[in-house]
Structure formats: C-alpha cells, structure tokens
Amino acid sequence: MSSSTAHRARTAAPSSAGEASAEVLREIPLPPYVTGEDAQFAVRAVVVHAPRRWSGGTVCRNDASPHPCRLHRWGARVLALRGLEDADIAALIERGDPAAPLPPRGA
C-alpha cells in the first residue's frame, strides 16, 4: 500500500457538532439480530458493569467510569431487543450472577 492510500484516523467531531452526536459515535453497535450468545454476553455486561455508589456519584463497578458505562448501556439495549423488560434486567443485576440464564421470553 502506498503512503497516498494509507488509512487515516478520523478526527473527533468539533465541539460545535454537539455532545449528542459525540455520544452516539461512542456507542457499541448492536448486532443485526440478537442470538442467545449475544444475550448471554449482554447479561454478563449488565451484571459486571453494574452501578456502584461512590463519593463522586454513581460509577461502574468494573471500571469506575460514570454509570451507565458503554458496556452496561449496550447490554441493556441488547436485552431489551431480546424482549426483557427493565424490571427483568434489574433483577438480573440484583442477582449478581454474570452467567445467569435469561428469563423466558414474554414471562
């Protein structure tokens, strides 16, 4: 590959584009359809990246970034696509088992 065809990293959007567009660019893409394996990864994501109260506010238990972190948001979106309600996702987080089976659909 010649230097003229080398790939270049895209620069960040200017601040005038707004924070909302910058946030969207940082989101983890959703799978085109949610498989059982995707759902299990999502369970692990929401449980491992659960909220934790800290002196500066609520942070991710795993990496101390502001909660909800990218992986927690991705996991919650995948589980919602799989048909889980917010209460079902909250119960999985409360249980605290990253290998917990998913509740049946529509239950």
Side-chain angles (χ1 to χ4, degrees):
M1 176 187 308
S2 71
S3 62
S4 63
T5 59
H7 296 288
R8 296 182 186 189
R10 191 181 314 188
T11 58
S15 60
S16 62
E19 291 298 316
S21 63
E23 280 298 315
V24 170
L25 292 176
R26 289 185 228 153
E27 289 297 325
I28 299 170
L30 293 172
Y33 54 91
V34 179
T35 65
E37 186 178 34
D38 293 327
Q40 280 307 136
F41 282 132
V43 169
R44 178 173 291 281
V46 297
V47 171
V48 171
H49 294 269
R52 178 179 182 191
R53 298 236 182 251
W54 200 251
S55 60
T58 305
V59 297
C60 171
R61 178 172 54 191
N62 187 59
D63 59 18
S65 63
H67 186 77
C69 69
R70 288 176 50 188
L71 278 170
H72 186 90
R73 290 190 309 265
W74 175 85
R77 290 188 346 248
V78 168
L79 293 173
L81 285 174
R82 186 72 177 191
L84 273 71
E85 301 290 329
D86 289 340
D88 299 326
I89 297 169
L92 286 169
I93 295 168
E94 182 68 30
R95 185 173 175 187
D97 180 7
L102 289 171
R105 290 186 188 184

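The chain is numbered in sequence order, starting from 1.
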Where Leu102 and Arg82 come nearest, the two heavy atoms and their spacing: CD1-NE, 4.2 Å
Can you find a heavy atom in the side chain of Pro66 that is under 4.5 Å from one in the side chain of Val59? no
Hey, does the side chain of Arg70 reach the backbone of Arg26 with a donor-acceptor pair shorter than 3.5 angstrom? yes
If you look only at distance, which donor and acceptor atoms sit under 3.5 Å apart when one is on a side chain in residues 89-97 and the other is two or more places apart or in another chain?
{"unit_1": "Asp97", "atom_1": "OD1", "unit_2": "Ala99", "atom_2": "N", "d": "3.0"}

Name all pairs fulfilling the ring pair (Phe, Tyr, Trp, His ring centres under 6.0 Å) condition that reach into residues 58-81, sequence neighbours left out, sorted by first residue then second. His67-His72
Atom CG of Leu81 and atom CG of Leu30: how far apart are they, to the nearest 0.5 Å? 5.5 Å
Please report the interatomic distance CG(Asn62) to CG(Leu71), rounded to the nearest 0.5 Å. 8.0 Å
Expected list for residues 39-58: side-chain donor-acceptor pairs under 3.5 angstrom, two or more places apart:
{"unit_1": "Gln40", "atom_1": "NE2", "unit_2": "Ala100", "atom_2": "O", "d": "3.3"}
{"unit_1": "Arg53", "atom_1": "NH1", "unit_2": "Thr58", "atom_2": "OG1", "d": "3.3"}

